[in-house]
S.K.: 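For reference, the structure I am asking about is given below.
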There are 2 protein chains.
Amino acid sequence: MSQSNQQIYIENFLHRCREIGLNITPQRMAIYKALLNDDSHPNPEAIYQSITPEYPTISMATVYKTLETFARYGIISMVTTLHNTVRYDPITKRHHHIVCVRCKKVIDLLDQDLDSIKIPNKIKKNNQLINYSVHFNVICPECKGK
Amino acid sequence: MSQSNQQIYIENFLHRCREIGLNITPQRMAIYKALLNDDSHPNPEAIYQSITPEYPTISMATVYKTLETFARYGIISMVTTLHNTVRYDPITKRHHHIVCVRCKKVIDLLDQDLDSIKIPNKIKKNNQLINYSVHFNVICPECKGK
DNA sequence: CTAGGTGCAAAGCATTTGCCTCACT
DNA sequence: AGTGAGGCAAATGCTTTGCACCTAG
């Protein structure tokens, strides 16, 4: 993500936190920034690793609690893929995922057409739709080459 | 699932096992049947529970190993949702999921339109597409009522 | 000042592994 | 005899919880 884009995200983040009443702590800033700087949909462990150089005393519990809090308020989103650890994504607007079934890599996909697929009547009639996303399971070029 | 439909699935199952060279054991039959009889996308624990009356000595390890084996050969499929336990589904052909974000219920959705969405060029060009599915996150009627 | 946040350690579960036994070729 | 499968128990690993201390607002 570009520097200027990051700035916008960070300002948005601060604004949302104040709005909700979440204290802005150095740890929370660090966790949010770590997410912005990592487009691989890191899991809590990976975020923890990327923060420890700067905050050697931060604990995994804090990372878990913080991510959970952010996700609960929609500041970040949870991504679940074909493997079992939860991953997080700072992009909360509608987007889709390409998951390589071999190396488990997750790539974001922004696509106008997919954003406006026809919502089946069955869903519209009975449920309150929160969001939807399309998961593509693929073998990526690198894995295919092997 | 209707009785006659189940029969077809079971015969298919037996056929696939023989083809692959998997021994057909009472435990494996029981696990597969449990999956057929439960359209709630059960997790290993739930499958274990539904089998114990008939097979009191079966172990969780067997359930895990068996499900993993079935999934590896494409006999059943793994479903991952917005919560963290893995769930399984005997239906391996393309279908989509409605997940209630409150009660975590998962409902299968068969939909012609969704089966033929436009695959983005970005994917077609670089990757070998295995499958895709659409996840709808909703608040279901029961939860909305509360 | 004080509610909310952090960090540590322990607990809790889901899942996996190792290994021995058994059944069927 | 040898291979594949099952069952038990232990290990692993991710995630959550409880609690005492601390800090941002």
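Reminder, nothing fancy here: chain letters follow the sequence lines and each chain counts from 1. What you are looking at is a predicted structure, and each value in this text was computed from that prediction instead of being measured.
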S.K.: Between N or O atoms, less than 3.5 Å apart, protein on one side and nucleotides 22-25 of chain C on the other: list the pairs.
M.R.:
none

S.K.: Sequence neighbours left out, what passes salt bridge (charged side-chain N to carboxylate O under 4.0 Å, His left out) with B/K118? Give chain and number order.
M.R.: A/D113
S.K.: Whether the side chain of B/D38 engages the backbone of B/A34 through a donor-acceptor N/O pair (distance < 3.5 Å, no angle test) should be reported.
M.R.: no
S.K.: What does the inter-axis angle of the helix from C/dC1-D/dG25 to C/dT25-D/dA1 come out as, five pairs per end, nearest 10 degrees?
M.R.: 30°
S.K.: What do you reckon, are the aromatic ring centroids of B/H135 and A/H135 less than 6.0 Å apart?
M.R.: yes
S.K.: What about B/I24 and B/Y73, same hydrophobic cluster or not, with Ile/Leu/Val/Met/Phe/Trp/Tyr joined at side-chain heavy-atom distances under 4.5 Å?
M.R.: yes
S.K.: With side-chain contact (heavy atoms from CB on, under 4.5 Å) as the criterion, how do B/C17 and B/I75 come out once you've worked through the C-alpha distance, each side chain's angles and the decisive distance to 0.1 Å?
M.R.: CA-CA 8 Å; B/C17 285; B/I75 293 172; 4.2 Å; yes
S.K.: Same hydrophobic cluster for A/M60 and A/I58, using side-chain heavy-atom links shorter than 4.5 Å among ILVMFWY?
M.R.: yes
S.K.: Figure out the CD/P separation between A/E45 and D/dG13, and round it to whole Å.
M.R.: 11 Å
S.K.: Rounded to the Å, how far apart are A/Y73 OH and C/dG4 C1'?
M.R.: 11 Å
S.K.: Among residues two or more places apart or on two chains, list those pairs meeting salt bridge (Lys or Arg N to Asp or Glu O under 4.0 Å) that have a residue in residues 17-32 of chain A.
M.R.: A/R16-A/E19
S.K.: Can you sort out the partners of A/K124 under side chain to side chain contact (heavy atoms under 4.5 Å, CB included), two or more places apart, ordered by chain and number?
M.R.: A/I119, A/N121
S.K.: Strictly distance-based, threshold 3.5 Å: is any side-chain N or O of A/Y48 a donor or acceptor partner for the main-chain N or O of A/Y64?
M.R.: no
S.K.: Looking at residues at least two apart in the chain, or sitting in another chain, which of them share a ring pair (Phe, Tyr, Trp, His ring centres under 6.0 Å) with A/F13?
M.R.: A/Y32, A/F70
S.K.: At a cut-off of 3.5 Å, list every protein nitrogen or oxygen paired with a nitrogen or oxygen from nucleotides 17-21 of chain C, distance to 0.1 Å.
M.R.:
unit_1: C/dG18; atom_1: O6; unit_2: B/K65; atom_2: NZ; d: 3.2

S.K.: Contact list please: residues 20-29 of chain A against DNA chain D, heavy atoms, distance less than 4.0 Å, in numerical order.
M.R.: A/N23, A/I24
S.K.: Measure the CG-CG distance between A/D111 and A/D115 for me, rounded to the nearest 0.5 Å.
M.R.: 7.0 Å
S.K.: side-chain contact (heavy atoms from CB on, under 4.5 Å) for A/H97 and A/V134? Distances and angles first, verdict last.
M.R.: CA-CA 6 Å; A/H97 293 106; A/V134 187; over 6 Å; no
S.K.: Same hydrophobic cluster for B/Y55 and B/M29, using side-chain heavy-atom links shorter than 4.5 Å among ILVMFWY?
M.R.: yes
S.K.: Using whole Å, report how far OH of B/Y48 lies from C1' of C/dC13.
M.R.: 15 Å
S.K.: Could you identify which residues of residues 49-60 of chain A place a heavy atom less than 4.0 Å from some atom of DNA chain C, listed by residue number, or say none?
M.R.: A/T57, A/I58, A/S59
S.K.: What distance do A/L114 atom CG and A/H96 atom NE2 have between them, rounded to the nearest 0.5 Å?
M.R.: 4.5 Å
S.K.: With sequence neighbours left out, what residues match B/E54 under side chain to side chain contact (heavy atoms under 4.5 Å, CB included)?
M.R.: none
S.K.: Can you name the residues that form a side chain to side chain donor-acceptor pair (under 3.5 Å) with B/E45, not counting sequence neighbours?
M.R.: B/Q49
S.K.: Do the side-chain N or O atoms of B/Y64 get closer than 4.0 angstrom to the phosphate oxygens (OP1, OP2) of C/dT15?
M.R.: yes
S.K.: Using a 4.0 Å cut-off on heavy atoms, which residues in residues 10-19 of chain A reach DNA chain D? List them by number, or say none.
M.R.: none
S.K.: Taking the side chain as every heavy atom from C-beta outward, state whether B/I117 and B/Y132 have any pair of such atoms under 4.5 Å apart.
M.R.: yes
S.K.: Let's go through A/T62 and A/S59 carefully: what are the C-alpha distance in whole Å and the side-chain angles of both, what is the deciding distance for side-chain hydrogen bond (donor to acceptor under 3.5 Å, both in side chains) to 0.1 Å, and is it a yes or a no?
M.R.: CA-CA 5 Å; A/T62 301; A/S59 82; 3.3 Å; yes
